[in-house]
Structure formats: structure tokens, C-alpha cells
Amino acid sequence: MEVGRLPISATLRGKLISAGYTTLSSLASVSPSDLARELEISNNEAFEILKFASHGSRLDRPDGSGAIVNGAETAWDMLHKEQLLPRITTSCADLDNLLGGGINSSEVTEIGGVPGIGKTQLGIQLAVNVQIPGAFGGLDGKAVYIDTEGSFMVERAVQIAEACIEDMTDYSVLVKKNATPHQVQIQPKDILENIFYFRVCSYTEQIALVNYLDKFITEHKDVKVIIVDSVTFHFRQNFDDLALRTRLLSEMALKLMKLAKKFNSAVVLLNQVTTKFTEGSFQLTLALGDSWSHSCTNRIILYWNGDERYAYLEKSPSLQSASAPYSVTCRGIRNSTSSNKRTKMI
């Protein structure tokens with residue numbers, strides 16, 4: 001099957017053919033970020049092209065079908081789809097490597113740790129980084145930020161946005177050092193306008209907002225990350241009926257999973273810590289109990305190792321458990337100071 005038959009715009013078909021992609025097989029091994037950079041299109045457009053190309057390849061099979069029964073999909077299709085999923089960079093190379101390239105779209109990722117470890121800082125960083133244009137390897141998306149604790153700092157968002165723009169400018173100069181650098185058109189104001197902020201003050205408001213998100217994201221296109229900071233706060237206050245709490249949390253988690261799949265968006269849930277009596281002593285663990293731990297696809301625990309911050313990947317369906325250092329700097333989340341001594345700490 002030729003790319004001319006793909007259900008995409010004539011402009012995109014022309015760009016594909018001009019770049020040498022004339023058949024579906026020629027698109028089989030290219031990543032969304034590489035295709036977006038080569039065609040100078042958004043990461044979302046590249047993902048859609050590869051999704052249509054993957055579907056067209058299945059139709060070209062001898063049996064004319066890519067599924068065993070109507071509505072099913074094969075494990076091969078699932079693997080191919082997972083490989084095409086875009087990721088949101090954390091701006092820390094070590095942390096990105098730990099996560100297989102960044103925070104994965106279409107999945108729910110829980111990030112927990114003690115106060116002051118940098119959970120909100122990481123949440124703001126992701127709300128900014130999801131907006132990195134496709135030409136720079138980003139998703140060119142928007143963010144929903146749900147604040148349950150009042151910890152979101154718009155001044156901090158401005159700092160991180162300015163640093164992100166500076167990084168893109170430096171990257172452009174580095175890549176095109178022998179040519180005219182690509183002008184970074186995005187401004188801090190543009191980044192702030194693409195972060196949809198919700199302040200919720202009770203667990204009922206939190207549940208109502210999660211129920212409303214389907215309609216909101218349908219109306220506000222390109223939301224590619226939903227951040228809840230924190231998912232825990234209102235469910236730890238004045239909740240005597242633990243069975244009711246567990247049921248409400250399970251229903252909310254299920255709706256967030258459906259949102260992630262439906263809109264191909266990353267859902268990031270920031271969590272607090274509590275103590276648990278294990279093997280004769282009290283140990284720190286993420287809040288909301290064991291049943292809640294099954295509600296996320298990936299689970300990351302942030303902790304201190306001496307004076308250095310570390311992230312531990314406790315749960316992932318495809319990656320092995322490991323740790324990586326990171327720093328919270330005046331520019332946002334970055335590599336640890338042990339690998340970059342010139343980074344200014346806050």
C-alpha cells in the first residue's frame with residue numbers, strides 16, 4: 001500500500017513523498033519524534049500518520065485482518081502501538097533513561113515521596129515540557145493541572161518555562177550550528193496559557209472534576225498530560241468509612257485510566273507518604289494503602305540518599321526496577337549535581 005492512500009491531508013502526503021516515504025513499509029521503523037523532525041510537523045501529526053500506516057499494513061496482510069476476532073487486537077499490534085507512544089521528558093537525562101525515555105502517554109504514573117523532595121516541581125516541569133514542539137522532539141500538547149493542596153506556584157512555572165525555551169534555543173543552535181538556527185517562536189506567556197489549572201478543596205470536588213475532564217478535554221484539544229497534585233490530600237481528611245474511601249478511589253482511578261487511553265494522554269498522580277509497620281518496625285510507604293497501589297501502571301518513589309535526591313522505579317510493566325539521581329534547580333528538574341557541578345541548587 002502506498003502512502004498516497006492514507007487518510008491524511010494532501011500537505012502531509014506531499015511531505016511524506018518528498019522525504020522519500022512512498023510506501024507503508026518505509027514508515028515501519030521510524031519513530032514519531034524522528035518523523036516530526038524530518039517533516040517539520042508536530043509530534044501529534046507524526047503519531048497519527050504512523051497510526052494510520054500501522055492500520056494500513058494490517059489490511060495488506062494475506063488474510064486481510066489484523067485481529068483474531070472483531071474488536072480484538074493482537075499482541076504484535078499492542079507491541080507496535082507501545083513502541084509508537086510518545087513520552088514526556090523530565091529534563092533530567094538520568095531520570096528519562098530510568099523511565100525508558102520519559103513519562104509514557106496513555107498510562108497512569110504515580111510519583112510519591114516525602115515533603116520537599118520535589119514532587120510539585122516535577123509536576124510543573126511536566127506541565128511545561130509537554131508543550132515542547134514536535135520539531136524539538138516534544139508532544140506539542142497542553143496540560144491539565146489539578147491542585148488539591150494549593151502548592152502550585154505560577155512564579156515557579158514562569159522560571160521553568162523560561163529555562164525550557166532557553167534549552168530549545170541552545171538545542172537549535174547546536175543542531176544547526178552550520179546553518180541558520182531555527183527560531184524558537186514560543187514565549188513563556190504561551191506556555192502558561194496552555195496549562196489549565198483547577199483548584200479543588202474537597203474530595204467531592206475532586207471526583208466531580210475527574211468526571212468533567214472527559215468533556216473538558218474533548219472541547220480543549222491536545223491535552224497530553226493530566227497532573228493531580230496530590231491525589232491523596234482530601235482522601236486523608238476526616239474519612240471514617242475506609243470502605244467508602246476505597247470504593248471512591250477505585251472509581252476515580254478507573255476513570256483516569258480511561259481518560260489516559262481515550263485521549264492518549266499521560267496521567268501523573270502525585271502522592272504523599274505514610275508509615276507502615278513491617279517486619280517489626282515502622283517504614284515509610286506511599287499513602288492510600290495496598291489496594292491503591294494497583295491503580296497505576298507505573299510507580300516512582302522519590303527519596304533522599306544523603307544530600308542527593310533519587311527516584312526509584314518500583315513498578316513498571318516493561319522496565320526493571322532501578323534508581324536514578326536528579327536535582328531540583330533554579331531551572332527546574334535537571335541531572336544531579338554529581339554529574340553537573342555547575343548546576344545551582346535551590
- request: Going by the side chain to side chain contact (heavy atoms under 4.5 Å, CB included) test, name the single residue among Leu85, Ile49, Ile41, Leu50 that passes it with Pro32.
  value: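 Going through Leu85, Ile49, Ile41, Leu50 one by one, the side chain to side chain contact (heavy atoms under 4.5 Å, CB included) with Pro32 is satisfied by Leu50 alone.
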
Give a yes or no on whether the backbone of [Y] and the side-chain of [X] come within a donor-acceptor separation of less than 3.5 Å.
| X | Y | value |
| --- | --- | --- |
| Ser265 | Phe263 | yes |
| Arg156 | Cys330 | yes |
| Asp147 | Phe152 | yes |

task: Could you tell me whether Lys215 and Glu219 make a salt bridge, using a distance below 4.0 angstrom between a side-chain N and a carboxylate O?
output: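 So Lys215 pairs with Glu219 through a salt bridge.
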
Between [X] and [Y], which heavy-atom pair has the shortest distance, and what is it?
| X | Y | result |
| --- | --- | --- |
| Ser105 | Pro86 | OG-O, 2.9 Å |
| Lys119 | Ile111 | CD-O, 4.1 Å |
| Met168 | Ile186 | CE-CG2, 3.5 Å |
| Cys296 | Glu110 | SG-OE1, 3.5 Å |
| Asn298 | Ser316 | OD1-OG, 3.6 Å |
| Pro325 | Glu308 | CB-OE2, 3.8 Å |

Is the closest side-chain donor-acceptor distance between [X] and [Y] under 3.5 Å?
| X | Y | result |
| --- | --- | --- |
| Ser202 | Thr204 | yes |
| Asp96 | Thr90 | yes |
| Gln272 | Thr232 | no |
| Tyr145 | Asp229 | yes |

task: Report the C-alpha separation of His220 and Val144 in whole Å, then their side-chain angles, then the decisive distance to 0.1 Å, and conclude whether the side chain to side chain contact (heavy atoms under 4.5 Å, CB included) test is met.
output: CA-CA 10 Å; His220 298 76; Val144 166; over 6 Å; no

Sub-4.5 Å side-chain heavy-atom contact between [X] and [Y]:
| X | Y | result |
| --- | --- | --- |
| Val267 | Met257 | no |
| Arg334 | Tyr326 | no |
| Lys221 | Asn44 | no |
| Ile226 | Ile217 | yes |
| Leu6 | Leu12 | no |
| Asn129 | Ser91 | yes |
| Leu139 | Asp222 | no |
| Thr109 | Asn104 | no |

- request: Output, in order, the C-alpha distance, side-chain angles, deciding distance and verdict of side chain to side chain contact (heavy atoms under 4.5 Å, CB included) for Arg331 and Glu166.
  value: CA-CA 10 Å; Arg331 297 172 61 83; Glu166 290 176 9; 2.7 Å; yes

ILVMFWY network linking Ile132 to Leu122, side-chain heavy atoms under 4.5 angstrom: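 Cluster IDs for Ile132 and Leu122 match.
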
- prompt: How are the rings of Phe216 and Tyr212 set to each other: parallel, tilted or perpendicular (split at 30° and 60°)?
  reply: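 Because their plane-to-plane angle lies in the 30° to 60° range, the rings of Phe216 and Tyr212 count as tilted.
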
